[in-house]
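First up is the structure itself, then whatever we jot down about it.
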Amino acid sequence: MNLKTIDIKGVPYVKVNERLKHFRENFPGWSLESDIIKMDENTVTMKAIIRDEKGTVRATGTAQEKK
């Protein structure tokens with residue numbers, strides 16, 4: 001797997017559009033859902049769910065970013 005990266009403070013980072021492109025090409029019929037769990041002036045918390053072609057939850061995750 002060789003995804004395009006950009007450099008952020010010396011660390012290679014794969015942009016979201018590249019990750020989604022890879023997901024769609026390698027997991028046809030699967031879905032990726034994302035929801036904002038909490039958002040205020042300083043932070044946002046997101047939840048993601050990956051479902052297979054039958055709608056079975058295969059993975060979940062959360063992430064939080066601060067301003």
Side-chain angles (χ1 to χ4, degrees):
M1 174 172 49
N2 192 13
L3 302 175
K4 292 181 194 175
T5 62
I6 60 172
D7 184 278
I8 297 180
K9 297 181 182 179
V11 177
Y13 175 79
V14 179
K15 292 167 64 173
V16 173
N17 65 322
E18 287 294 314
R19 288 184 264 159
L20 287 173
K21 181 179 167 184
H22 174 79
F23 177 78
R24 300 250 182 255
E25 289 173 353
N26 290 280
F27 298 93
W30 288 40
S31 66
L32 174 61
E33 305 165 19
S34 60
D35 291 310
I36 297 173
I37 303 299
K38 180 183 176 189
M39 183 169 57
D40 60 35
E41 63 276 353
N42 296 311
T43 60
V44 62
T45 304
M46 303 285 296
K47 179 179 181 179
I49 300 170
I50 295 176
R51 296 181 188 271
D52 66 16
E53 65 281 343
K54 295 179 183 176
T56 303
V57 174
R58 301 299 296 258
T60 62
T62 57
Q64 185 178 71
E65 291 292 327
K66 295 183 180 182
K67 195 173 187 178

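Note that these values count all heavy atoms, side chains included, but never hydrogens, waters or copies made by symmetry.
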List the residues meeting side chain to side chain donor-acceptor pair (under 3.5 Å) with N17, not counting sequence neighbours, and say none if there are none.
none

Does any part of the side chain of L3, heavy atoms only, come nearer than 4.5 Å to the side chain of T5, both counted from C-beta?
no

Return each pair, listed once, that meets salt bridge (Lys or Arg N to Asp or Glu O under 4.0 Å) where at least one residue sits in residues 13-22; pairs must be two or more places apart or across chains.
none

By side chain to side chain donor-acceptor pair (under 3.5 Å) - contacts of T43 (at least two apart):
D40

Taken in chain and number order and not counting sequence neighbours, the residues that satisfy ring pair (Phe, Tyr, Trp, His ring centres under 6.0 Å) with F27 are F23, W30

Joint hydrophobic cluster, V57 plus L32, side-chain heavy atoms closer than 4.5 Å
no

In the hydrophobic clustering (ILVMFWY, side-chain contacts below 4.5 Å, transitive), which residues join M39, or is it alone?
I36, V44, M46

To check you understand the geometry: which heavy-atom pair defines the closest contact between N26 and P28, and what is its length?
C-CD, 3.4 Å

In the hydrophobic clustering that connects Ile, Leu, Val, Met, Phe, Trp and Tyr at side-chain heavy-atom distances below 4.5 Å, which members other than V11 occupy its cluster, ordered by chain and number?
none

Which donor-acceptor pairs under 3.5 Å do the side chains of residues 60-67 make with protein atoms, sequence neighbours left out?
from	atom 1	to	atom 2	distance (Å)
Q64	NE2	T45	OG1	3.0

Quick note, salt bridge (Lys or Arg N to Asp or Glu O under 4.0 Å) partners involving residues 44-58, not counting sequence neighbours, are E33-R51, D52-R58

